[in-house]
Amino acid sequence: MKIAIVRERADGETRVAATPETVTKLIGLGASVSIERGAGESARFPDAEYEKAGATLGGADVVSDADIVLTVRRPTAYAIKGAKPGALILGAMDPFGNEGEIDALAKAGVTAVAMEFMPRITRAQVMDILSSQANLAGYQAVLEAATSFDRAMPMMMTAAGTVRPAKVFVMGAGVAGLQAIATAKRLGAVVSATDVRAAAGEQVESLGAKFIMTDALKDASGAGGYARELTADEKAAQSALTASHIAKQDIVITTALIPGRPAPKLVTADMVASMQPGSVIVDLAAERGGNVEVTQPGTVFTTANGVTVLGYTNWPARLATSASQLFARNLYAFLETMFDKKTKEFAVNWDDELVKATVLTKGGAIVHPNIKLPGAA
Ligand code: NAD
């Protein structure tokens, strides 16, 4: 049983899908582990540490004869050439809008497993890459906002007078948003937040922040704990409420997402124009088009009225070590369920609900019900 870990090829990707810690555990499952040289370098895991953990180092050909390939981002069919037919490729597959690439993996004969499709049930929490990475992104968003902000975050009473605390508004109080709220509170900011799921209100308030929600919108909870898309009327009511609030904020952090859809636009150009010079916006949804009308995905810029907009598209990659540690543990936790503890044999239970939910390709075809090639019936 061979497990291979490849070096990430995507621009700006600093994470790695296995750490020396998880390599030791994978070997404990009875597998041999090969890792591409330099795979962990930008996450501060040197090759020597992997070797010490028992892995074999190699070139891009580490995938040769692999039964399992671990990646952070979806690899190209070319990058996994040489893996065994039917090999499991585990990582974030980002399939929506990329159906052609998923089809290429199917045609390459491998079984692509989309870790981001992990069901949100108690048993699978330890395998949930969306939560582990969003948590860190929410934290990092506040730190980078604070650094771009020319003023202090907490209230400071000094001999020279009092500095007022920063006002931070978090839009979307899911995993990233709640961590952003907690981090901003710790830095001493006055924090408010909004969400379209009523359940988020209690969580926001338990962190000591103020919850803001329009009466026109009772609850827009959708399936699996996620939000549904708002109707046009609901959107208008939400926008009217947030417009006046945003004008008074120093820092706005947006994290709102709806599974499989472009990020909802919550902050218009007019709202940005209403903010004071020196204000900061962090758009954590930039990778999915952004929650802020003016966001330029992948860049940081300052608007004509002096608002800095941070639109980085890969926030977890900005804390590569922590993000890799958690991501690698998520992958390990899922893989562990596929090994027989006694015989140490690798045997995937294709009927397991976690496997069914995450497997995109098998036997040369796309098998996931939600992934269709454009034009396919
Ligand atoms: P997400 O990344 O899909 O979205 C982020 C947040 O944006 C969500 O809270 C969503 O309600 C909100 N949002 C969507 N549209 C919005 C809009 N128009 N305006 C304002 N906010 C909007 O969600 P997530 O952070 O991954 O998690 C959502 C929920 O799932 C949370 O309650 C979380 O605690 C829960 N969860 C459960 C498990 C589990 O049980 N295993 C694991 C992870 C998360």
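In listed order, ligands and their atoms are each counted from 1. Fair warning: this is a prediction, and the values are worked out from it, not measured in the lab.
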ask   = Side chains of S206 and E202: do they bring a donor and an acceptor to under 3.5 Å?
value = no
ask   = To the nearest 0.1 Å, how far is atom 39 (C) of ligand 1 from its closest protein heavy atom, and which atom is that?
value = Q125 NE2, 3.6 Å
ask   = Among protein heavy atoms, which lies nearest atom 29 (C) of ligand 1, and at what distance?
value = G225 O, 3.1 Å
ask   = If you measure from each non-hydrogen atom of A173 to ligand 1, which part falls under 4.0 Å: side chain, backbone, both or neither?
value = backbone
request  = Between T122 and ligand 1, find which residue part has any heavy-atom pair under 4.0 Å and reply side chain, backbone, both or neither.
outcome  = neither
query = Mind checking whether G174 has an N or O less than 3.5 Å away from an N or O of ligand 1?
reply = yes
query = Any N or O on S131 sitting closer than 3.5 Å to an N or O of ligand 1?
reply = no
request  = Can you spot which of E13, Q133, E287 makes a side chain to side chain donor-acceptor pair (under 3.5 Å) with N314?
outcome  = E13
inquiry  = Let me confirm one number: the NZ-CE distance from K84 to M1, rounded to the nearest 0.5 Å.
reply    = 6.5 Å
query = Would you say R9 has more than 12 foreign heavy atoms packed within less than 6.0 Å of its CZ?
reply = yes
key: Residue E205 excluded, over 12 heavy atoms near CD under 6.0 Å   = yes
key: Nearest-0.5 Å distance, CG of residue L335 to CD1 of residue I68   = 5.0 Å
remark   = Looking only at protein heavy atoms, what sits closest to atom 18 (N) of ligand 1 is L266 CD2, 3.4 Å
A256, any N or O under 3.5 Å of ligand 1 N or O = no
note = Residue, atom and distance of the protein heavy atom nearest atom 17 (C) of ligand 1 read V196 CG1, 3.5 Å
key: Element-labelled atoms of ligand 1 that are located less than 4.0 Å from some non-hydrogen atom of I121   = 41 (N)
ask   = Under the ring pair (Phe, Tyr, Trp, His ring centres under 6.0 Å) criterion, do F339 and Y332 qualify, and how do the steps go?
value = CA-CA 11 Å; F339 280 80; Y332 171 76; 8.7 Å; no
inquiry  = Heavy-atom pairs closer than 4.0 Å: do any link ligand 1 to the side chain of Q238, the backbone, both, or neither?
reply    = side chain
task = Specify the protein heavy atom at minimum distance from atom 42 (C) of ligand 1: its residue, its atom name, and the distance to 0.1 Å.
result = D128 OD2, 3.3 Å
key: Heavy-atom nearest option to atom 26 (O) of ligand 1, drawn from R120, M127, E234   = R120
inquiry  = Counting C-beta onward and ignoring hydrogens, is there a side-chain heavy-atom pair between P264 and I258 closer than 4.5 Å?
reply    = yes
query = Could any protein non-hydrogen atom be found less than 4.0 Å from atom 34 (O) of ligand 1?
reply = no
key: Structural part of L130 in contact with ligand 1, heavy atom criterion under 4.0 angstrom   = neither
inquiry  = Please determine whether any non-hydrogen atom of M171 lies less than 4.0 Å from an atom of ligand 1.
reply    = no
request  = Considering heavy atoms of the protein only, find what lies nearest to atom 5 (C) of ligand 1 and give residue, atom and distance to 0.1 Å.
outcome  = T255 O, 3.3 Å
key: Top protein contact for atom 31 (C) of ligand 1, by heavy-atom distance   = R197 NH2, 3.5 Å
ask   = Does D195 reach ligand 1 with a nitrogen or oxygen that is under 3.5 Å from one of the ligand's nitrogen or oxygen atoms?
value = yes
ask   = Should K81 and V63 count as side-chain neighbours, where that means a heavy-atom distance under 4.5 Å?
value = no
ask   = Within the side chain of K344, is there an N or O that forms a donor-acceptor pair under 3.5 Å with the backbone of G28?
value = yes
request  = Specify the protein heavy atom at minimum distance from atom 25 (O) of ligand 1: its residue, its atom name, and the distance to 0.1 Å.
outcome  = V175 N, 2.7 Å
Full working for salt bridge (Lys or Arg N to Asp or Glu O under 4.0 Å) between K356 and E353 = CA-CA 5 Å; K356 275 191 185 156; E353 64 176 314; over 6 Å; no
query = Does a side chain donor of either T303 or N305 reach within less than 3.5 Å of an acceptor in the other side chain?
reply = yes
